[in-house]
Amino acid sequence: MKSLFNTEAYQEILERMDALSEETKGQWGKMKVGQMLHHCQFPLKIALGRYNPNNKPNPMLKLMGKLFRNSLYNDKPWRKGLPTAKGLRVTEDKNFAEEKAKLIALINDFHQEKNKEKWDPHPAFGSFTPEQWGQMQYKHLDHHLRQFGV
């Protein structure tokens, strides 16, 4: 299972990011490439303790969390069209170059935490092991990079 803490997977993600351009079009969904780059920053910021969407767990969110956790333990890509949590949606246009630079910086910061043993719980889904945090970040980035054909 790939993890953003693994050097090869980390480098793969950066190479795929490099293949994006302002003209890259999504193969599914409504986001433009700049919006996707901004959206992909949220989970990294959450993991790094730099963003709290203030999601209060409710029964539906808890169920989604259980289903989400199950999808972390395999290499099967996430399916197209998964719903986006309300606090992580991006509807306004974003500057491609700025968002790409910010996302790469967050990916680098996250990868540098690969030896961190104690992580704060996810605000909506609860505690993850360090391994699960790395896998989740890889799978989320992989999902959206596939969305944009890279």
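Just the heavy atoms: all of them, side chains too, but no hydrogens, waters or symmetry mates, feed the values below. Fair warning: this is a prediction, and the values are worked out from it, not measured in the lab.
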**OP:** Find the distance between CG (Asn108) and CG (Leu44) and round it off to the nearest 0.5 Å.
**Re:** 10.5 Å
**OP:** Check side chain to side chain donor-acceptor pair (under 3.5 Å) between Arg89 and all other residues, then give those that pass, not counting sequence neighbours.
**Re:** none
Original post:
Can you list the residues that meet the side chain to side chain donor-acceptor pair (under 3.5 Å) rule with Thr24, with sequence neighbours excluded?
Top reply: Ser21
**OP:** Would you please name every residue forming a side chain to side chain donor-acceptor pair (under 3.5 Å) with Gln27, sequence neighbours left out?
**Re:** none
**OP:** Apply ring pair (Phe, Tyr, Trp, His ring centres under 6.0 Å) to Phe5 and list each qualifying residue two or more places apart in sequence or on a separate chain.
**Re:** Phe110, Trp119
Original post:
Please walk me through it: do Lys25 and Glu23 pass salt bridge (charged side-chain N to carboxylate O under 4.0 Å, His left out)?
Top reply: CA-CA 6 Å; Lys25 303 287 185 218; Glu23 291 78 34; over 6 Å; no
Subject >> Glu12 and Tyr138: side chain donor to acceptor below 3.5 Å >> reply: yes
Original post:
Once you round to the nearest 0.5 Å, how far does CG of Asp142 lie from SG of Cys40?
Top reply: 10.5 Å
**OP:** Would you please name every residue forming a ring pair (Phe, Tyr, Trp, His ring centres under 6.0 Å) with Phe96, sequence neighbours left out?
**Re:** none
**OP:** Starting at CD of Glu15, measure out to CG of Leu145 and round the result to the nearest 0.5 Å.
**Re:** 12.0 Å
Original post:
For atom NZ of Lys116, is the number of surrounding heavy atoms from other residues, nucleotides or ligands below 6.0 Å larger than 12?
Top reply: yes
Subject >> Polar side chain donor-acceptor pair, Gln35 to Glu99, under 3.5 angstrom >> reply: no
Subject >> ring-ring contact (aromatic ring centres under 6.0 Å, His included) contacts in which one or both residues fall within residues 7-36, not counting sequence neighbours >> reply: Tyr10-His111, Trp28-His143
